[in-house]
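Fair warning: this is a prediction, and the values are worked out from it, not measured in the lab.
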Amino acid sequence: ELDSLTMSVIHCAIIDLASIWKTAWNNASSPIININISYMYGWNLIGLPLAVEDSNYQILFPESNEGTLYSYNGAQYLLEEELQRGNGYWLRFDNESSAQLSGTLVSDMTLQLNEGWNLISGITNSINISSIQDPNGIIIPGTVYGYASGAYTNTEIIEPGKGYWV
């Protein structure tokens with residue numbers, strides 16, 4: 001026969017084991033992954049390809065220039081502090097390098113596009129623009145542009161961590 005102290009210890013052990021299994025299950029279904037995002041000297045179009053705990057740009061891109069994260073709302077540029085998945089941003093760096101982002105996989109997303117130009121970003125993996133579902137036909141073929149080496153380039157592939165004009 002077990003006394004009440006032994007029963008209490010067994011009960012706590014079962015609760016702790018359940019907590020461990022729950023944590024392990026959650027981590028297995030949403031593992032933390034790392035993505036290396038390269039950037040060049042000067043202005044870069046960037047995006048957030050992962051679900052992260054802290055989306056402050058200075059945490060994600062510590063070598064970026066302070067006060068240089070800008071979104072676009074269809075009419076003007078807005079100074080920002082936090083990145084949101086699906087949005088594209090301008091961000092300035094004094095050196096060419098890269099940042100390693102850690103978070104969970106983003107396999108799909110829904111973006112609300114406005115008529116005119118939109119600044120967007122993609123998911124965790126590269127995606128061909130032909131795979132984008134555009135039920136309202138807002139995206140005009142041949143009008144997805146990235147930015148590299150100081151110039152806009154027409155693109156067919158949306159890369160993780162990069163921003164694009166659509």
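For the 3.5 Å distance criterion, the side chains of N128 and S130 qualify, holding a donor opposite an acceptor. Checked by atom type, the side-chain pair N87/S71 shows no donor-acceptor distance below 3.5 Å.
The 12-atom threshold is not exceeded at CD of E66, counting heavy atoms of other residues, nucleotides or ligands nearer than 6.0 Å.
For the pair T153/Y145, no side-chain contact is recorded, criterion being any heavy-atom separation below 4.5 Å from C-beta on. Side-chain contact check for Y89 versus I46: some heavy-atom pair is nearer than 4.5 Å. Counting only heavy atoms from C-beta outward, the side chains of I127 and I157 never approach each other to under 4.5 Å. Between I132 and I158, some side-chain heavy-atom pair lies under the 4.5 Å cut-off.
Cation-pi contact between R92 and Y39: absent, since separation from the ring centre below 6.0 Å together with deviation from the ring axis within 45° is not met.
Here the CG-CG distance, from L113 to N136, works out to 9.5 Å after rounding to the nearest 0.5 Å.
The hydrophobic cluster containing V144 also contains I138, counting ILVMFWY residues as joined when their side-chain heavy atoms lie under 4.5 angstrom apart, directly or transitively.
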Donor-acceptor contacts, no H, no angles, side chain residues 159-166, under 3.5 Å, sequence neighbours left out:
unit_1	atom_1	unit_2	atom_2	d
E159	OE1	S126	OG	2.5
K162	NZ	S38	O	2.4
Y164	OH	E159	N	2.9

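The main-chain N or O of N34 is never found under 3.5 Å from a side-chain atom of N36 such that the two would form a donor-acceptor pair.
Listed here is the closest heavy atom pair of L101 and I37: CD1-CG1, 3.9 Å. Shortest non-hydrogen contact noted between S121 and L48 is OG-N, 3.8 Å. Nearest heavy-atom pair, T68 versus L79, reported as atom, atom and distance to 0.1 Å: N-CD1, 4.4 Å. Contact record, L45 with L119: CD2-CD1, 3.6 Å, taken as the closest heavy-atom pair. Nearest heavy atoms, E82 versus S55: OE1-OG, 2.8 Å. Between G150 and M40, the shortest heavy-atom contact is N-CE, 3.9 Å.
For the side-chain contact (heavy atoms from CB on, under 4.5 Å) with T104, the qualifying choice from I33, T124, L50, I32 is I32, the only one to do so. Screening I123, V52, N125 for a side-chain contact (heavy atoms from CB on, under 4.5 Å) involving V106 leaves a single residue, I123.
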**Candidate pair T143 and N154, rule side chain to side chain contact (heavy atoms under 4.5 Å, CB included), full reasoning** = CA-CA 7 Å; T143 62; N154 191 264; 5.9 Å; no

**Request:** With ring pair (Phe, Tyr, Trp, His ring centres under 6.0 Å) as the test, would you mind laying out the steps for Y72 and W90 before giving the verdict?
**Result:** CA-CA 9 Å; Y72 183 73; W90 282 110; over 10 Å; no

